[in-house]
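A quick write-up on the structure given underneath.
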Amino acid sequence: MTPELLSASLLIAAPELIIAIGALALLMVGVFMGEKSSATVTGLAVAVLLAAGAWMLLFPTNGDAFNNAFVNDSFARFMKILTLIGSVVTLVMSVGFAKAEKFDKFEYPILVMLATLGMLLMVSANDMLSLYMALELQSLALYVVAAFNRENVRSTEAGLKYFVLGALSSGMMLYGISLVYGYTGQTGFEAIATALAGGERQLGLVFGLVFVLAGLAFKISAVPFHMWTPDVYEGAPTPVTAFFAAAPKMAAVALTVRVVMTAFEPIAADWRQIVVFIAIASMLLGSFAAIGQKNIKRLMAYSSIGHIGFALVGLAANSVEGVQGVALYMAIYLAMTLGTFALILGMRRKDGNVEMVDDLAGLASTNKMMAVILTILMFSLAGIPPFAGFFAKWYVFSAAINAELYGLAVVGVLASVVGAYYYLRVIKLMWFDDATGSFVPMAGELRLVLGASGAFVLLYPLFGGLLASWASAAAASFF
């Protein structure tokens, strides 16, 4: 690579470089300042992530870098901004909880930064090897973050489960990549697509595709690779659970879209069958399994599995409208999830945080504002108009219908009806049951996130067209 190409590549990957250098610098700050540096490092980590996002918005650069292993386009920028929002907001929400639970250590924000760096590289991966390296950078940081509260047995167990199952999924993906390389002789996404378009599809290549998609399905918590999600969501510290539910989901869905729409586009008939099966299984399991959950974090875990299924409905459509629906769905899902977890973090009594759904009983009589905003979020998660969640489902179902996937759309609508039950149950508990106690006042940062999320969901019809146009421009990158 010539110096000119290297400098051009570094410019395209500038946001990632900002985070990488910032993480290393903050590690030194934490080491030399000691344990008291947690608040300082967290504040600086948020500033670095915001700086990376600002660079993307102020200096948008399209093109490929590092011999086409890294690509930047409108879709990458859209999904990276969502990923950064998820990371920044969850870091801000974790400050009060970390102090109260005595795990406010400077390593936590640095691990979040490194995981976020891996996520941004995932979104821009344009080669099977850069895909795998980015995925592992993200995963290694997340394994540690899941078990970060070492004094808590549940947290340690969550980290161990995630590590063991994550290692299994990484092995499956690597095996799939080796099969794809063996049958095409290429690792670059465009080169794989060219090889597939020019030759006859072979059975071994389809096996490679299945294994690659199995590894990606694990990262997005899609059925049948969802088994880690409820246990890790419940066991990890709540700010970590919020992080898992937000940023990594954005990056993994973006990576899945890029892999199938670029590398495997010539064999769309094969991967669409897999995506349709995963979407149906995720929607149904997410809807039915959540009904009996008593822990609100486990409830949100099954909810996230269901929502990933809905997002994949758009991907199955294999159209610009479908990819637009996926991007839009993930943006709205991010807002709803961050708001819900802000409220879960605010479920704190004098003797500590509570996590049971029944602890929300009578919330309307003790804190009406919290109850109103959570009601809005629950209606939106259920897909009830005129809230944002309805428009998210409208876009993906419309794309499926236009692609003549009528059965998939019908299953999605029926799963939405079932899923509405457990969201409406939460609303019923808050407004019609007797209070069992009151929560202590929420921290300022949690109130801010909860209010912003509620406003986004409620006022979405006023600015939804603008967000839809950005998602449409992002989707056009593949067509």
Side-chain angles (χ1 to χ4, degrees), residues 26 29-30 33-50 84-113 115-116 144-152 154-155 158 233-247 295-297 300 334-356 359-360 363 366-374 377 437-456:
L26 290 182
V29 171
M33 287 182 63
E35 291 298 325
K36 295 181 180 177
S37 63
S38 175
T40 303
V41 172
T42 301
L44 290 173
V46 169
V48 170
L49 293 174
L50 289 174
L84 287 171
I85 290 171
S87 297
V88 167
V89 173
T90 48
L91 262 184
V92 170
M93 290 197 302
S94 70
V95 174
F97 185 93
K99 284 181 182 174
E101 298 295 323
K102 304 290 190 296
F103 77 99
D104 52 336
K105 308 201 182 302
F106 73 86
E107 294 92 346
Y108 174 68
I110 294 169
L111 286 166
V112 170
M113 289 180 72
T116 305
V144 181
V145 168
F148 197 76
N149 191 359
R150 290 174 296 178
E151 307 301 319
N152 188 307
R154 287 197 311 164
S155 177
Y233 271 44
E234 181 183 8
T238 306
V240 175
T241 306
F243 180 57
F244 270 83
N295 183 293
I296 194 162
K297 286 161 70 177
M300 290 305 295
L334 177 67
M336 297 187 296
T337 299
L338 290 174
T340 305
F341 273 98
L343 191 133
I344 293 171
L345 280 163
M347 290 172 59
R348 186 172 188 84
R349 293 189 172 144
K350 291 179 181 178
D351 54 348
N353 276 68
V354 291
E355 297 178 355
M356 305 310 289
D359 290 315
L360 290 168
L363 182 63
T366 58
N367 191 325
K368 189 151 283 185
M369 186 54 68
M370 277 178 73
V372 167
I373 297 178
L374 185 57
L377 292 173
S438 61
F439 300 135
V440 298
M442 290 179 75
E445 64 270 15
L446 297 180
R447 284 202 299 270
L448 178 63
V449 173
L450 185 61
S453 175
F456 177 94

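Considering CG of Leu345 and CD of Glu355, their distance stands at 9.5 Å, rounded to 0.5 Å. Annotation: the span from Leu44 atom CG to Leu49 atom CG amounts to 11.0 Å, rounded to 0.5 Å. Atom CD1 of Ile296 and atom CE of Met347 lie 5.0 Å apart (nearest 0.5 Å). For the atom pair CG of Leu91 and CZ of Phe243, the computed distance is 7.5 Å after rounding to the nearest 0.5 Å.
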(message) Please determine whether side-chain contact (heavy atoms from CB on, under 4.5 Å) holds for the pair Leu374 and Leu360, giving the CA-CA distance in whole Å, both sets of side-chain angles, and the decisive distance to 0.1 Å.
(response) CA-CA 10 Å; Leu374 185 57; Leu360 290 168; 4.0 Å; yes
(request) Evaluate side-chain contact (heavy atoms from CB on, under 4.5 Å) for Asp359 paired with Arg349, printing each intermediate quantity in order. (result) CA-CA 10 Å; Asp359 290 315; Arg349 293 189 172 144; 3.5 Å; yes
(message) What verdict does the side-chain contact (heavy atoms from CB on, under 4.5 Å) test give for Phe456 and Leu377, after you've listed the backbone C-alpha separation in whole Å, the side-chain angles of each residue and the deciding distance to 0.1 Å?
(response) CA-CA 10 Å; Phe456 177 94; Leu377 292 173; over 6 Å; no
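The two atoms that bring Ala45 and Met113 nearest to each other are CB-SD, 3.5 Å, heavy atoms only. Considering all non-hydrogen atoms of both residues, Thr116 and Ser87 come closest at OG1-OG, 2.8 Å. Among all heavy-atom pairs drawn from Ser37 and Phe106, the shortest one is OG-CB, 3.6 Å. Between Glu445 and Gly96 the shortest heavy-atom distance is OE2-N, 3.5 Å. Between Gly86 and Ala247, the shortest heavy-atom contact is C-CB, 4.2 Å. When every heavy atom of Ala236 is checked against every heavy atom of Thr241, the shortest pair comes out as O-OG1, 3.4 Å.
By the 4.5 Å heavy-atom criterion applied to side chains, Met356 and Asn295 are counted as neighbours. The shortest side-chain heavy-atom distance between Leu343 and Ile373 does not fall under the 4.5 Å cut-off. Using a 4.5 Å heavy-atom cutoff, the side chains of Met370 and Phe439 are in contact. Side chains of Leu450 and Leu446 form no contact here, defined as non-hydrogen atoms less than 4.5 Å apart. Inter-residue side-chain proximity for Tyr108 and Pro239 is flagged as met; some heavy-atom pair is nearer than 4.5 Å.
Under the side-chain contact (heavy atoms from CB on, under 4.5 Å) criterion, Ala147 pairs with no residue at all, not counting sequence neighbours. Residues meeting the side chain to side chain donor-acceptor pair (under 3.5 Å) test with Thr238, sequence neighbours left out: Lys297.
For Ser155 (side chain) and Ala146 (main-chain N/O), a donor-acceptor pair under 3.5 Å exists by modelled atom type. For the pair Ser453 (side chain) and Val449 (backbone), a donor-acceptor distance under 3.5 Å is absent.
Under the 30°/60° scheme for interplanar angles, the aromatic rings of Tyr233 and Phe341 are found to stand perpendicular.
Shown are Thr337, Leu338, Ile344; of these, the side chain to side chain contact (heavy atoms under 4.5 Å, CB included) with Thr340 is made only by Ile344.
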